[in-house]
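Here's the structure we're looking at; comments come further down.
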Amino acid sequence: MKELPKIYEPQKIENEIYARWEKSGYFNPDNIDSKETYCNILPPPNANGELHIGHASGYTVMDIFGRWARMNGKKTLLLPGKDHAGIQTQVVFEKKLQAEKGLSRQEIGREDFYKKTYAFCIDRADYMRSQEKKIGISADWSREKFTLDPDVLKTALETFVKMHEDGLIYKGKRIINWCPRCGTALSDVEVLHKETPGKLYFIKYPIENSTDFITVATTRPETMLGDTAVAVNPKDKRYSKLVGKNIILPLQNTIIPIIADKRIDLSFGTGAVKITPSHDPLDWEIGKDHKLEEIQIIDEKALITELGGKYAGLTVHEAREEIIKDLEKLNLLEKIEEMTHSVSICERCKTIIEPLTSNQWFINVDAKNFSLKKKAIEAIKKNEIEIFPNNFQKILIDWFDNMRDWCISRQIWWGPQFPVWYCTNSQLTTHNSQPKCSEPIISIEKIDSCPHCGGAVVQDENTFDTWFTSSQWAYTTLKSKEKDFEMFYPTNTMVMGRDLLFFWSSRMIMMSLYTTGKIPFKNLFFTGLVLDKDGHKFSKSRGNGIDPLTVIEKFGADALRMSLIMDSAPGQNSRLYEEKIETFRNFANKLWNISRYCLSQENFKLVEEISKEDINSEADRWITDSLNELIGKTNQLFESKQISVAADLLKTFTWNSFADGYIETQKIEKNDKVLGYVLDKLLKLWHPFIPFVTEHIWTLAGEKELLMISKWPAYEESKQAKTSSYFPFVLSLNKTIRNVRKEKNIESAKKIELWVETASASSEKVILENADFIKKSAGVSVIKFNEILIGGFIQRVVGECIIKIPLVGLIDVELERTKAEKEIANLEKFITGSSTRLGNKEFVSKAPEQVISQQKETLAKKQAELAELKKHLASLK
RNA sequence: GGGUGAUUAGCUCAGUUGGCUAGAGCACUUCUCUUACAAAGAAGGGGUCACUGGUUCGAGUCCAGUAUCACCCACCA
C-alpha cells in the first residue's frame, strides 16, 4: 500500500473524480436498469453571469437527494438547464454592449441584438456548466436544456396557442406596471414596494354652480390632469348630498362627476378621492365600473402627454412642482402634510413604476372553463404536492386567492416574440368587408403573408415574460423526448429558493395542471436564503459575496456542500462564513484519516456483509449495532427530507463512536473485518453529502465499481439487538481511569490496581469480559470486585459502579473533596426532583409504565452513588 | 393593514408525534506533537431554552397573549 498524505487535498482529486463519474455514463438514467425512477428538473440559472452561493446551496440539496435515489437503485435523472432571463439579460447585455462597443441596442437593431445576446448566453452557459460540475452535481448533461432551445420553445408556444383557443388569453388595454427605464410592462410580482417619505397634498376642487369646494388628498397631484371623477364612500354622510353633482377640474377646466364607491376609505385624508383611471390601479377598476373616461396624461417615458395641456413634455416631477405653484396661485391648495407611503419600484432597476393603461397580453387566471388558480389551490389543498416546509402551503394558497390576471407581454427584445401576426390590410379594410383580416393570426411557424387576403403581415412586437417559459419548465424539458416525459413526469422533487415561491412555484403548478393535467412535481422543497456572517444578503454593492469557486479551491467542494446544508431547516435562512466551511473541511480530513488508518491495517478491505461469526467482542457488537441503528435513522430522515439532521447524526457517529470509540479500542483488539464493514457503510451513507472524498477513499480501498452506484445500506431489524450495548460504559470506565492517571501524572509504564464496587451483575460481567482490553488500554494490573479497600485511594463513579484506585501518597485531599462535594450537590438536586415526581400520585397513575420504572431505576442508582460519595467524602479528612 | 419566521451557551445553530440532570460546532481555560489525524487528542468552564399566563402528572417542545428582530404580501389615494 502506497503512503497516503496526512492531509486530504481535494484540489488534487476532485476534477479527476468528476471526470470518472461523467465518463461512467451513470449520470444518464438510460444506463441504469430499473423500473423505479427519480427525477428532479434543476432550476435553470439565468444564463447571463455566473453561479453564486445561492445556486450552490440549491444544487447541493438536489444532488444529495439525487445521489441518494441513484444509490437506491432508481433510474435517476437530474436535468440541468439555463434560462434566457428576459429583462435581466437584456439589461446586462445592453450594459456590456455600451461598455465594450459604445453601442445601444437601437443602433444595432432588434435582429442583430437578439443574435448577439443569444451568443452571449450560450457562452455564459458554457462557463456556468463548468461551475456546476465543480460543485459535484450528478446531472445528465446530455439532456441539458436552454429555455430558447427550439424544441423547448415550441412546446411552450403551443401552450400559448392552446390557451388562446381556450379563451384563457386576451389582449387588452388595462392598467399595468410600467418601468420607464426598462421601457416595458411588468407583472405584479416584478414590482417591489418601498416605504418612502412623501407629501400628501390637499387640493380644493370647485363644485359646479356653487361656491363650495370638495377637498381631495393625493400624493401625486400631477395626475389630476387625468382625473375623470371624484369618488366618496356611499356611507360617508359628509358627502352624501354632493354625490351626483359635478366639479370643475382645476387647470384642465373640465367637468367631472362626483361618484360613490364602496372601495373608498372614509378615514383616509378627506374621504374624497380624485379618480385617475389611466394612472392608478384602483382608480382604473373604479373607472371601469363607473364607465369613466381614461385620459392618459403620462407617457411611457414618464413625461406628461399632449393631453396634459401646458404641462406637456415635463417630467412627472417637474409637472408636480408646476402644478402645486399654479394651484397655490389659484388658492386651491388647502394644505400639505408629511407622510410615508409605499412607492412601487422596478425589481430589476429600482426605477419608480408608473402605472398606466396599455395594450398588453394577459392570461386570465380565473377563467370559467379552466380556472388556473382554482385548480392550483385544489391540488395543493388535496396535498398532491408535499411542500417543505409545510407552512408555505398556506402562504401559497393565500397568494393564489388574491392573484390577478397575469400580464405576459414585455416590450423588450430579448426573449421569444409572440407568435401573433397582423395583416397590414386589416386597418384599411372595414370589419364587414374582410372580417378575417382584422383578426390576429396565431401561428408558431413564421408567416409571410395573410392567409385570407395574401397581404403583408407584421409580427406582434411583444416578447414573452420570462416566467411564461419558465413556468412550463417541468414538462418542456422532458417533452423533447416523449419517452422521458412518460417515464419521469410528474417529477419527484423540485428544489428552489424561497424567493421563488410566487414567481415560479405557483406558476409552474398552474401551467402544468393546465397543459398536462398533472402536477409538475410531488415534492416541493424550499431552501432559505444564504446570508453572510452578520445575517445580511450577499450583494455586489455590499461587497460581501462569497464565490463558490474560490471556496472550492480553498476548502474543497465537499466542505462547501456540507456548510451549505448543515444547521438549516427547509425554508429557513442560514449563514455562511469561512470558519464554518473550515469545520467541514476539517471533517473531510478526519474521514480521510480514519480511512488512512483503516487502509494501513494488513489485509484491510471494505466488507459488504458480515456474519455473527465475525463479531468477536463487545466493542464489535456495539459498533455494528449502533451502525445498524444509524442506518435506520438516516433512512427515516432522508424520507422526511431532514438531510441536515441526518448529516449531523452521521457526523457524531463517525467522529465520536467510530473514530474515538471503536478505532481506539480496536487498536488493542483488532478486528479488520468489522472495521472494513463499518467503513464500507459509512462511505455509502456519506456519499450523497460529500461525494468526492468518499469516492476517492472507495477507490483507494481497491473497489473497482464506483461508489456512486453502490447499494445504499438498508436497516436490518433482525440484526438489531434488543438491549443496548454496555460498551459505552467500558469506554467511559477506560476514560475515567486514564483521566485519573493523567491528573496524578502517573507514567504510562506504571500499572495501577482497579477496585470495583457494584451491585450490578451485568456491569461486573461486562468488565470481566473486557478485562483484557481495560488492562491494556488503561494500564491496569488487576481488577477486584466488591472487596474492602483501606487506605488512600481515588474514587470515581462510572455508570453503576464505584471505582477505587489505590494511590497511596498521591492524593490531593482538597481537590478530591471539592470534586466529591460538587458531585454530591448535583446528585442531591436530581434526587430531590426525582423523588418529588415519584411521590406525586398523579404522576404515578398517569405516566406510562416505562417512564415510571425508568425514573425509579435511575433514582435508586443515584441514591446508591450518593451514599458511596458521602462515605468517600467522610474518609477524606 | 394582513401574513410568516426567528428569539436555546460569548458567536452560529440543532433539538418532528411533550418524558431521565437541554445538545453540537466555533470561541475560551488547562494539558498533550502517544506512529490515522495539531485541519488532532484529552479534560474543563459557560444556558432561569425572550417574557407572561394556560393545558398537562410532566412543556425548549402544545395553546393564548406580550416584546424585540427579520422577511413577505397589499389598490393607505
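Below, read A as the first sequence line, B as the second, and so on, with proteins coming before strands; counting in each chain starts at 1. Bear in mind the structure is a predicted one, so any value in this text is a computation, not a measurement.
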Practice problem: Sticking with atom C1', work out how far B/U4 lies from B/G45, rounded to a whole angstrom. | Solution: 39 Å
Quiz item: Does A/Arg585 make a side-chain N or O approach to OP1 or OP2 of B/A39 shorter than 4.0 Å?
Solution: no
Exercise. Sticking with atom C1', work out how far B/U32 lies from B/C37, rounded to a whole angstrom.
Key: 14 Å
Quiz prompt | Value rounded to 0.5 Å, distance of CD1 in A/Ile336 from CZ in A/Phe202 | solution = 10.5 Å
Practice problem: In whole angstrom, give the distance that lies between atom CD of A/Gln863 and atom P of B/U21. | Solution: 14 Å
Exercise. Calculate the interatomic distance between A/Ile831 atom CD1 and B/C20 atom P; express it in whole Å.
Key: 18 Å
Exercise. Sticking with atom P, work out how far B/G15 lies from B/U8, rounded to a whole angstrom.
Key: 14 Å
Practice problem: Can you tell me the pairing partner of B/G65 across any strand shown, Watson-Crick or G-U wobble, with both distances under 3.5 angstrom? | Solution: B/C51
Quiz item: Is there a side-chain polar atom (N or O) of A/Arg404 under 4.0 Å from OP1 or OP2 of B/C75?
Solution: yes
Quiz item: Under 4.0 Å: is that the gap between some side-chain N or O of A/Trp655 and OP1 or OP2 of B/C37?
Solution: no
Practice problem: Determine the contact category for A/Pro848: base if any of its heavy atoms lies under 4.0 Å from a base atom, sugar-phosphate if only primed atoms, P, OP1 or OP2 are that close, otherwise nothing. | Solution: base
Quiz item: Quantified in whole Å, what is the P atom distance between nucleotide B/C62 and nucleotide B/G41?
Solution: 35 Å
Quiz item: So, do A/Phe830 and B/U21 meet the stacking rule of ring centres under 5.5 Å and planes under 30°?
Solution: yes
Exercise. Classify the side chain of A/Glu9 versus the base of B/A39 as yes if they form a donor-acceptor pair under 3.5 Å and no if they do not.
Key: no
Quiz item: OP1 or OP2 of B/A39 less than 4.0 angstrom from a side-chain nitrogen or oxygen of A/Asn593, does that happen here?
Solution: no
Quiz item: Would you say B/A74 has OP1 or OP2 under 4.0 Å from some side-chain N or O of A/His193?
Solution: yes
Self-check item: Same-atom distance (P) from B/U68 to B/C51, integer angstrom
Solution: 16 Å
Exercise. Return no unless some side-chain N or O of A/Lys6 is found under 4.0 Å from OP1 or OP2 of B/A40.
Key: no
Self-check item: Polar side chain donor-acceptor pair, A/Thr228 to A/Glu294, under 3.5 angstrom
Solution: no
Self-check item: Pairwise distance CD1(A/Ile380) to CZ(A/Phe400) - rounded to 0.5 angstrom
Solution: 5.0 Å
